[in-house]
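Scroll down for the structure; my scribbles are underneath it.
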Amino acid sequence: MSIVLKVYNSLTRKKEVFKPLEDGKVKMYVCGPTVYNYIHIGNARPAIAFDTVRRYLEYLGYDVLYVSNFTDVDDRLINASKERGESVIEIAERFIRAYKEDVGALNVQAADIHPRATETMDEIIDFIKKLVDKGFAYESGGDVYFRTKHFKGYGKLSHQSIDELKVGARIDVGEQKEDPLDFTLWKQAKPGEIKWESPWGEGRPGWHIECSAMVEKYLGNTIDIHAGGQDLSFPHHENEIAQSESLHDETMANYWLHNGYIRINNEKMSKSIGNVVLVHDLIKQYDPNVIRFFIQSVHYRHPINFSDELLKGAEQSFDRLRTTYNNLQHRLEVSADLLEETLTTQYQEKLSELKTRFVQEMDDDFNTANAISVLFDAAKEANKVLQAENSSRLLLTHFIELFDELTGVLGFELKQEVLLDKEIEDLIAKREEARKQRDFALADSIRDELKLKGIILEDTPQGIRWKRAVSNDENE
RNA sequence: GGCGGCAUAGCCAAGUGGUAAGGCACGGGUCUGCAAAACCCUUAUCCCCCGGUUCGAAUCCGGGUGCCGCCUCCA
């Protein structure tokens, strides 16, 4: 059977065969964070989900151009600036750095281009100007608004009619819109606020326009994939479509991908509830590999619940894969009983079958949950091989390569460095000596002692093996 | 009110017409000086409820219940 990538397109609400504009190339844009604070795991989910999309596309051989923005000027930044007495630029700079660190810890690759709103100002102003010229936007009291009713496709992404949307729309005080659904393209600066010169006076861009301008600037009028959190579909993405398609008379993006929400202990994560989990803090408590594994154990479009209990479960679960991987490595390092044979047909088929299944699952709208289950099946096979007295070095190596290859697509690592200090090495040696003397009481007490230090010893026919305990057990 | 999502074993989670993946936890066995790891076996006659379509439905249709999201620049 042929293998075809299918993606769920929010625009059509269907899984569609993925066909890029240009053979072998993919242009994708992912809405990035407003950099006024540390990111929370709700920000981390799209970063991870679409990083995996990118990794998988690259795995399939596509040349991916990945653009993700930083909103470095908006109301929240201005408010933060007032509260902290720091400039908008300083705050943005600091949290862009923090974002890169946090997301980097989660093994999210940097975008090819990370444009900032403040560095795209010329293009933004130009974009608005053209919309005004075309009659899709109007200046009013120093602000510029998009004339929603002039774009006939308005509502096509969120599948709402203009009439329905109007019910919830309202005009804020001070705004002079022709229609409640019109949205801001340019906002006049209040005294003391950060501002740029424009044909409509000093001000700053509205939120939605930066993405339209950046997509146009870096990727073109039509791109392959536009992605972001589910909540962005309305109004943000809807407005982006309105802006870009009004100006270009071309489809903005062929595929719209939206990830599901994150919940904390089954509640919405929000500041008012006070349950916002910052990535910054979380990566101190859990191995980022585990966090990434956990997030991808659920399909990206489904909601995912976060709790300590669930994270610890994921840790436990992840440990099975990691143990297998490290046991493979251990066996290769210490064993003298390995055969230098070629791979049997049976195992060649087994390995390629695992890989094929992984690809099929990923082809089905990036079904990482199922892809991970293939990893567990691979672990089972590898464990059986490990149990054999005489295994092939080549086979073990192939299993390691398989794990590296597939976990590389999902963006986590199974390899675990266990650095032993002198004291621990001595204890291990002492225990080995005790075992030789058949002084099991002493040997066991040393083993217990090491366990308290987080080192678990395992005696195997090929010699002693050790690993770090899952943090789970002892932590109070 | 409009639009949408979810409900599968103790827990997590796939599966969207062909007779319930995978993981954690639990129990039994093998291995081990004892463990650990691993392997083998066992664990949902059933997928929120009620009807319907079908040779056949967790999967499609209708109705109901519960939880949740968007429609308020929040990923």
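Just so we're on the same page: letters track the sequence lines, and every chain starts at 1.
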Under 4.0 angstrom, heavy atoms only, what part of the nucleic acid is A:Gly229 near: base, sugar-phosphate, or nothing? sugar-phosphate

Mark this stacking check for A:Phe440 against B:G33 as yes or no, applying ring centres under 5.5 Å and ring planes under 30°. yes

Does any N or O in the side chain of A:Ser317 come within less than 3.5 Å of the main-chain N or O of A:Ala314, such that one atom is a donor and the other an acceptor? no

A:Lys149 bridged to A:Asp179 by N-O distance under 4.0 Å: yes

Under 3.5 Å, is there any donor-acceptor pair linking the side chain of A:Arg435 to the base of B:G33? yes

Salt bridge between A:Glu425 and A:Lys430, side-chain N to carboxylate O under 4.0 Å? no

Would A:Arg301 and A:Tyr8 count as a cation-pi pair here, with the cationic atom under 6.0 angstrom from the ring centre and within 45° of the axis? yes

Protein within reach of the bases, or only the backbone? For nucleotides 10-20 of chain B, mark each nucleotide 5' to 3' as B, S or -, using heavy atoms under 4.0 Å. --SSSS-----

Check if the side chain of A:Arg447 and the base of B:A35 share a donor-acceptor pair of N or O atoms closer than 3.5 Å. yes

Indicate, with a heavy-atom threshold strictly under 4.0 Å, whether A:Arg204 touches base, sugar-phosphate, or nothing. nothing

Look at A:Lys467 together with A:Asp319 and state whether they make a salt bridge at an N to O cut-off of under 4.0 Å. yes

Should A:Asp444 and A:Arg447 count as an ion pair when the cut-off is N to O under 4.0 Å? yes

So, is A:Lys268 near the phosphate of B:C67, with a side-chain N or O under 4.0 Å from OP1 or OP2? no

